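Both backbone and side-chain heavy atoms feed into the values below; hydrogens, waters and symmetry mates do not. No experiment lies behind these values; they were computed from the predicted model shown. Order of appearance sets the numbers: ligands from 1, and atoms from 1 within every ligand.
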Amino acid sequence: MRLRNIPRSEEVLANSPYVVQDPAAAKGKWRELFGVQGTAEKTEKKLLNLEVGTGKGRFILELAGRNPGQLYVGLEKFSSVLLRVAESQQELMLPNLMLIRGEAELLTTYFSNGEADRIYLNFSDPWPKARHAKRRLPSREFLARYDEILSPDGVIEFKTDNRELFDFAVDEVPFSPFEIAQITYDLHHDEAMNEGNIMTEYEERFSGKGNLICKYILKRKQ
Ligand code: SAM
């Protein structure tokens, strides 16, 4: 998603209390940053969920609003896109949602080993040229990064209407420490997997055109 450059983006993001200005400094301290007090023994551990490539943020804003007992971080590389999420969050003021303007390639500099519990990839850019395969967010290279930052029971959820990207993603799983726990090639007609589904902007647009939505959920190999 490329929006025109919006001059106020940098200023709004720099002044938003919901945008973490130095995510590398937050590494290993995300729960503290959310103000979660006490040790894991004393308080119920709050799950930390991360969406990589939020776009305008409809998904993560809705998800965080529905689950006030969990923590959410939205990562997006373009300031002019994250601006939309930050402005919505400014109105909603969800205490359990923080945002990063950053690159998925740097995830292991933002999160420590096992710090996150769930990663959402929604309608990730397809990078159709073979030489760009490593840039695809469900590639084996990215799965290795997710492996570093996910807790032992951590999961990855990926959905897209792009069948070529989805087939690629499925083929990459055996080259990772993960396995497919659930999969569908028609999410909206899969009663079990569609339960509680939150439509993203792209999902609404492309399912509206009749495209089927594919989704998998990965967990670590047993
Ligand atoms: N997830 C949204 C949805 O489903 O409506 C947006 C989908 S859009 C096709 C992909 C988004 O991921 C874009 O906003 C893009 O800027 C962001 N993105 C792509 N590669 C990224 C990366 N390496 N790091 C962070 N964000 C990335």
Quick one: does ligand 1 sit under 4.0 Å from the side chain of V52, the backbone, both or neither, non-hydrogen atoms only?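 Neither part.
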For ligand 1, is there an N or O atom under 3.5 Å from any N or O atom of [X]?
| X | value |
| --- | --- |
| S124 | no |
| G53 | yes |
| E203 | no |

Within 6.0 Å of NE2 in H132, more than 12 heavy atoms from elsewhere: yes
So with a 6.0 Å cut-off around CD of E103, is the heavy-atom count from everything else above 12? yes
Subset of ligand 1 atoms that lie under 4.0 Å from at least one heavy atom of [X]:
| X | value |
| --- | --- |
| E201 | 5 (O) |
| G102 | 24 (N), 25 (C) |
| T200 | 3 (C), 4 (O), 5 (O) |
| F123 | 4 (O), 7 (C), 8 (S), 9 (C), 10 (C) |
| A104 | 22 (C), 23 (N), 24 (N), 25 (C) |
| F78 | 16 (O) |
| G55 | 6 (C), 14 (O) |

Hey, looking at atom 23 (N) of ligand 1, which of R58, E105, E103, K77 has the closest heavy atom? E105
Measure from atom 8 (S) of ligand 1 to every heavy atom in Y202, W127, Y120 and give the option owning the shortest one. Y202
Please step through side chain to side chain donor-acceptor pair (under 3.5 Å) for the pair E51 and T54, ending with a clear verdict. CA-CA 6 Å; E51 186 188 11; T54 59; 5.3 Å; no
In terms of side-chain geometry, is the basic nitrogen of K215 or D190 positioned less than 4.0 Å from the acidic oxygen of its partner?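 Salt bridge between K215 and D190, a charged N being under 4.0 Å from a carboxylate O: no.
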Apply salt bridge (charged side-chain N to carboxylate O under 4.0 Å, His left out) to the pair K221 and E179, showing each step before the final yes or no. CA-CA 5 Å; K221 282 177 194 154; E179 63 185 8; over 6 Å; no
Is the closest heavy-atom distance from E51 to ligand 1 below 4.0 Å? yes
Determine, using heavy atoms of D125 and all atoms of ligand 1, whether some pair is separated by less than 4.0 Å. yes
Sequence neighbours left out, what passes side chain to side chain contact (heavy atoms under 4.5 Å, CB included) with A104? Give chain and number order.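 Applying side chain to side chain contact (heavy atoms under 4.5 Å, CB included) to A104 gives V52, L75, L137, F142.
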May I ask you to establish whether R205 and Y202 are in a cation-pi arrangement, using a distance under 6.0 Å from NZ or CZ to the six-membered ring centre and at most 45° from the ring axis?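 That pair qualifies as a cation-pi contact.
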For Y185, ring-ring contact (aromatic ring centres under 6.0 Å, His included) partners two or more places apart: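 Partners of Y185 by the ring-ring contact (aromatic ring centres under 6.0 Å, His included) criterion, ordered by chain and then number, come out as F166.
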Donor-acceptor pair, R220 side chain versus P152 backbone, under 3.5 Å?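 Yes; judged by distance alone, with no hydrogens or angles, the pair exists.
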Under a 4.5 Å cut-off applied to non-hydrogen side-chain atoms, are N197 and E203 in contact? yes
